[in-house]
J.: 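Encoded as structure tokens, here's the structure I'll be asking about.
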Amino acid sequence: QVQLVESGGGLVQAGGSLRLSCAASGRTFSSYGWGWFRQAPGKEREFVAAISWSGGSTYYADSVKGRFTTSRASAKNTVYLQMNSLKPEDTAVYYCAASLKVGLTTNRGLYDYWGQGTQVTVSS
């Protein structure tokens, strides 16, 4: 069974940084795409960033471009989301996800596995 486990969330002041980790277990992820999404209270889950496993290509939502960076450590089956210059509007539960269908996508419907989420709270 595939499992994704996020960690690294917490409370930070505006302008601060956090790094989220997503550790995968259960199978080899060398051909799959990875994504980060977030969901604020009362809002739909939205795309944040994506990274392809083998090629290292990335894509970001306009709202986080230039502030967030996603990367992966293949040997560790782990994906990261480095978040800098955090804003109160970044407050949400953050989820990582893995896609067996495509290598890089913003479409949450194309992701097959999801982590449990980690809370990020940015105070003003």
Side-chain angles (χ1 to χ4, degrees):
Q1 185 72 353
V2 173
Q3 283 192 324
L4 304 180
V5 180
E6 299 114 336
S7 60
L11 173 64
V12 64
Q13 288 188 332
S17 298
L18 285 173
R19 188 177 81 155
L20 305 184
S21 299
C22 175
S25 62
R27 63 185 300 168
T28 303
F29 288 86
S30 58
S31 300
Y32 308 141
W34 292 83
W36 290 95
F37 292 77
R38 66 186 181 186
Q39 188 166 19
K43 295 187 177 181
E44 290 194 357
R45 192 171 298 189
E46 65 174 4
F47 169 78
V48 174
I51 184 168
S52 62
W53 191 258
S54 58
S57 299
T58 58
Y59 189 78
Y60 299 93
D62 288 343
S63 59
V64 306
K65 201 172 295 183
R67 299 188 297 122
F68 290 12
T69 303
T70 187
S71 60
R72 83 273 190 261
S74 303
K76 297 181 180 180
N77 264 4
T78 301
V79 179
Y80 304 98
L81 183 67
Q82 178 66 43
M83 306 185 294
N84 299 328
S85 302
L86 283 161
K87 304 175 182 180
E89 50 263 44
D90 294 318
T91 295
V93 176
Y94 283 71
Y95 300 88
C96 69
S99 174
L100 307 180
K101 303 178 181 71
V102 295
L104 189 72
T105 181
T106 65
N107 186 340
R108 68 184 184 190
L110 295 179
Y111 286 89
D112 302 280
Y113 300 104
W114 292 83
Q116 82 287 354
T118 185
Q119 177 71 47
V120 171
T121 302
V122 184
S123 63
S124 57

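Heads up: numbering here begins at 1 and tracks the sequence. Side chains are part of it too, since the values below use all heavy atoms of this structure and drop only hydrogens, waters and symmetry mates.
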J.: Show me the pairs that pass salt bridge (Lys or Arg N to Asp or Glu O under 4.0 Å) and involve residues 6-19, at least two apart or across chains.
T.: none
J.: Using a 4.5 Å cut-off between side-chain heavy atoms of Ile, Leu, Val, Met, Phe, Trp and Tyr, which other residues end up in the same hydrophobic cluster as V5?
T.: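 None; V5 is a cluster of one.
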J.: Report the distance from atom OG1 of T69 to atom CE of M83, rounding to the nearest 0.5 Å.
T.: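 The OG1 atom of T69 sits 11.0 Å away from the CE atom of M83.
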J.: Keeping to residues at least two apart or across chains, list the salt bridge (Lys or Arg N to Asp or Glu O under 4.0 Å) pairs with something in residues 111-124.
T.: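 Found K101-D112.
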J.: Just how far is it from atom CG of L81 to atom OH of Y94, taken to the nearest 0.5 Å?
T.: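 So the CG of L81 and the OH of Y94 are separated by 7.5 Å.
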J.: Distance from W36 atom CH2 to C96 atom SG, nearest 0.5 Å?
T.: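 Those atoms lie 5.0 Å apart.
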J.: Which ILVMFWY residues can you reach from L104 by hopping between side chains whose heavy atoms are under 4.5 Å apart?
T.: F37, F47, Y59, V93, Y95, Y111, W114
J.: Please list all pairs meeting disulfide bond (SG atoms under 2.5 Å apart) that have one or both residues in residues 59-91, counting only residues at least two apart or in different chains.
T.: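 Sorted result for residues 59-91: empty, none.
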J.: Can any side-chain N or O of S21 pair as donor or acceptor with the backbone N or O of Y80 at less than 3.5 Å?
T.: no
J.: Could you give me the CA-CA distance, side-chain angles and deciding distance for L4 and W34, then say whether side chain to side chain contact (heavy atoms under 4.5 Å, CB included) is met?
T.: CA-CA 11 Å; L4 304 180; W34 292 83; 3.6 Å; yes
J.: What are the two closest non-hydrogen atoms of S17 and N84, and how far apart are they?
T.: OG-OD1, 2.9 Å
J.: So if I apply the side chain to side chain contact (heavy atoms under 4.5 Å, CB included) rule between R38 and each of T91, V64, V120, which one comes out positive?
T.: V64
J.: Is a side-chain donor or acceptor of S52 paired with a backbone partner of S57 at a separation under 3.5 angstrom?
T.: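 Yes: the side chain of S52 pairs with the backbone of S57.
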J.: First locate atom CD of Q116, then atom OG of S7, and finally report the distance between them rounded to the nearest 0.5 Å.
T.: 8.5 Å
J.: Where do Y60 and T70 come nearest, in terms of heavy atoms and distance?
T.: OH-N, 2.9 Å
J.: Apply salt bridge (charged side-chain N to carboxylate O under 4.0 Å, His left out) to R45 and list each qualifying residue two or more places apart in sequence or on a separate chain.
T.: none
J.: Kindly compute the distance separating NZ (K87) from OG (S124), expressed to the nearest 0.5 Å.
T.: 14.0 Å
